[in-house]
Amino acid sequence: MASVTAITRQIETLDISSGVKTAGNASSGSSARPLHAKPPSQPNASKLLTKYAAPNPFLKAKPAHPPSSLRHPTQIPKPPAYSGTPHATTGDTQTSFDIGLYDGGLEVDNESRGGSVTGEAAETLALDSSISGQYPTREWHLRDFDLGRPLGKGKFGRVYMVRTKCAPKYIVALKTLTKSEIVQFGVEKQIRREIEIQQNLRHPNVLRLYGYFHDETRVFLMLEFAGKGELYRQLSKVGCFSERRSSRYIYQMTDALKYLHSKHVIHRDIKPENLLLGLNGELKIADFGWSVHAPGNRRTTMCGTPDYLPPEMIEGKHHCEKVDHWALGVLTYEFLVGSAPFATPDNDQRSTSPPILCPVLDPTENTSESYRKILKLDYKVPNTVSIEAADLISKLLKSDPEKRIPLADALKHPWILWYRPKASVGQSERTS
Ligand code: AMP
């Protein structure tokens, strides 16, 4: 009988959007930040995993559309008006996994936030995975899903736990983005870039984007369901993580960043708020809002979150993938200490800062103090932190980007090796 770990590995290599089995590649800082919404309750993992591990039914011999359909949004019949009473989703008898109660939020949002967009913006947001990739895939519509409980709310819409109506009834997180609001914030190109980057990534610690589609007013993203919710919420609950837990997260994070950089993707906004946890508690990088595909590797846009900004971005210099090494150092510190190393006592920037999709271009007094500390490398590691962890932090937080420890070396750092589970040692050796 297959173990949960073995089945999980199968899931990680299963591409439900294209049917292509991919090689399993290797995968607001003050404590004053507000808690997020209630995390998802724990699902029955074995049933969910069995469904995920089922063969892919979605591969098609031919593209679902000619490429010109990119210009025309999928027409979706108007859903029946929401009665106001939450109802269970209508799965058939095979559907043993409970996806919870749908609250009618999509209809409410579409009434209050919807509105079609036109012109170039409409073309940019005509996003449809059935025609975008190398492999022909199934065409998706909202009506193809049983809607379940809300998982959270983002800037541009809600996220729901959903199940595909067709066998074998995959469970995914369906994220909605309201087109008119995307246009209002002028981020349609950024959203498109985020989707294009994420759809090509395959790593156990990078949240999978299985597919996407759109209608007149919304873009829908079919995301891997992160069963244990937000990492940031866990961090807020416990204040800081143990050395062992931090080390294991940082190992996963480092491996994921190494993978991203090998694909010439710089994330540029690593922080706890952008990390989710999978069913087995594994870390998943979940937000690519500020990422960039930069084969040339030199960028000047200042972006990210004040506590995590590296010196070269504050100084407006060119930056490269080494910005993620810096952020990894900040993250390691925050996991172990519970606040970011350069956060000032009254710097509550991360709870009041602009949403992640807005660049940080207007430093306030509070951020200036943080920036001063960052530029002077003015931070102190409390003595509750081990010497080994402090050593890794100091090797990542180097003012000169070129002096930051390479990710391959960080993976072999004693603090990482000491806590690394045996299974992951074998996995990494097989895939490296
Ligand atoms: P976002 O719009 O990505 O910020 O998502 C809003 C909230 O929805 C997050 O803070 C999570 O609580 C939840 N969420 C988003 N994506 C997922 C996912 N793939 N699995 C589980 N929960 C998610």
Side-chain angles (χ1 to χ4, degrees), residues 8 11-12 16-17 27-28 33-43 45 48-49 51-52 97-100 102-103 105-106 109 113 145 147-164 170-179 181-182 185 187 190-191 193-195 197-199 201 203-212 218-237 256 267 269-291 304-305 350-351 353-358:
T8 309
I11 296 167
E12 283 159 357
I16 74 163
S17 64
S27 152
S28 306
R33 283 169 293 165
L35 286 182
H36 292 275
K38 200 168 171 249
S41 60
Q42 296 318 307
L48 182 62
L49 295 179
K51 285 193 189 310
Y52 269 99
F97 186 78
D98 181 14
I99 57 171
Y102 174 56
D103 62 2
L106 291 184
D109 266 5
R113 306 169 65 161
F145 301 91
L147 304 179
R149 66 186 169 83
L151 294 171
K153 268 190 194 175
K155 171 142 187 62
F156 296 114
R158 306 183 193 222
V159 186
Y160 282 93
M161 185 170 185
V162 304
R163 181 175 49 221
T164 60
Y170 288 103
I171 286 170
V172 296
L174 191 70
K175 179 167 167 174
T176 55
L177 307 168
T178 310
K179 285 184 178 178
E181 291 180 354
I182 295 172
F185 280 85
V187 290
Q190 193 175 328
I191 295 272
R193 182 179 63 197
E194 175 179 357
I195 290 170
I197 288 175
Q198 201 171 352
Q199 73 162 332
L201 301 174
H203 187 281
N205 301 113
V206 174
L207 194 79
R208 279 290 303 276
L209 174 61
Y210 293 120
Y212 47 90
R218 298 163 293 191
V219 175
F220 299 89
L221 308 183
M222 293 164 63
L223 292 161
E224 176 182 357
F225 171 58
K228 290 201 170 149
E230 298 163 350
L231 180 137
Y232 174 63
R233 189 180 163 83
Q234 306 265 337
L235 185 59
S236 302
K237 235 193 247 168
H267 189 281
D269 199 19
I270 295 298
K271 57 178 176 177
E273 291 89 329
N274 287 341
L275 304 174
L276 292 174
L277 295 170
L279 277 171
N280 295 320
E282 72 281 24
L283 179 149
K284 304 268 177 191
I285 301 182
D287 198 315
F288 286 81
W290 268 118
S291 59
T305 301
R350 280 161 69 185
S351 56
S353 65
I356 182 165
L357 291 167
C358 300

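Counting starts at 1 for both ligands and their atoms, following the listed order. The basis for the numbers below is simple: all heavy atoms, side chains too, and nothing from hydrogens, waters or symmetry mates.
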Which atoms of ligand 1 sit under 4.0 Å from any heavy atom of [X]?
X: Leu151; answer: 8 (O), 12 (O), 13 (C), 21 (C), 22 (N)
X: Lys153; answer: 6 (C), 7 (C)
X: Val159; answer: 5 (O), 6 (C), 8 (O), 14 (N), 15 (C), 16 (N)
X: Gly152; answer: 7 (C), 8 (O)
X: Glu224; answer: 18 (C), 19 (N), 20 (N)

**Q.** Short N or O distance, Asp287 and ligand 1, threshold 3.5 Å exclusive
**A.**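 No, Asp287 has no N/O under 3.5 Å of an N/O on ligand 1.
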**Q.** Contact check: Ala226 vs ligand 1, nitrogen or oxygen atoms, below 3.5 angstrom
**A.**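 Yes; at least one N/O pair falls below 3.5 Å.
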Q: Could you tell me whether Lys175 approaches ligand 1 through its side chain, its backbone, both or neither, with non-hydrogen atoms closer than 4.0 Å?
A: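 Answer for Lys175: side chain.
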Q: Select one of side chain, backbone, both or neither to describe which atoms of Ala173 lie under 4.0 Å from any atom of ligand 1, heavy atoms only.
A: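 Looking at Ala173 and ligand 1, just side chain atoms fall under 4.0 Å.
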Distance from [X] atom [atom1] to [Y] atom [atom2], nearest 0.5 Å?
X: Leu235; Y: Glu230; atom1: CG; atom2: CD; answer: 11.5 Å
X: Arg208; Y: Leu223; atom1: CZ; atom2: CG; answer: 10.5 Å
X: Leu275; Y: Arg233; atom1: CG; atom2: CZ; answer: 16.0 Å

Q) Any non-hydrogen atom of Leu276 lying under 4.0 Å from ligand 1? A)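 Yes; Leu276 lies near enough to ligand 1 that a heavy-atom distance drops under 4.0 Å.
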Q. Has the side chain of Glu282 got a donor or acceptor atom that lies under 3.5 Å from a matching backbone atom of Asn280?
A.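 It does hold such a pair.
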Q) Which heavy atom in Glu224 sits nearest to a heavy atom in Tyr210, and how many Å separate them? A)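 Looks like CA-CE1, 3.5 Å.
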Q: Quick one: list whatever passes ring-ring contact (aromatic ring centres under 6.0 Å, His included) with Tyr160, sequence neighbours left out.
A: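 Scan of Tyr160 (ring-ring contact (aromatic ring centres under 6.0 Å, His included), adjacent residues dropped) gives Tyr102.
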Q: Could you list the residues that satisfy side-chain hydrogen bond (donor to acceptor under 3.5 Å, both in side chains) with Glu181, not counting sequence neighbours?
A: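 Scan of Glu181 (side-chain hydrogen bond (donor to acceptor under 3.5 Å, both in side chains), adjacent residues dropped) gives Arg113.
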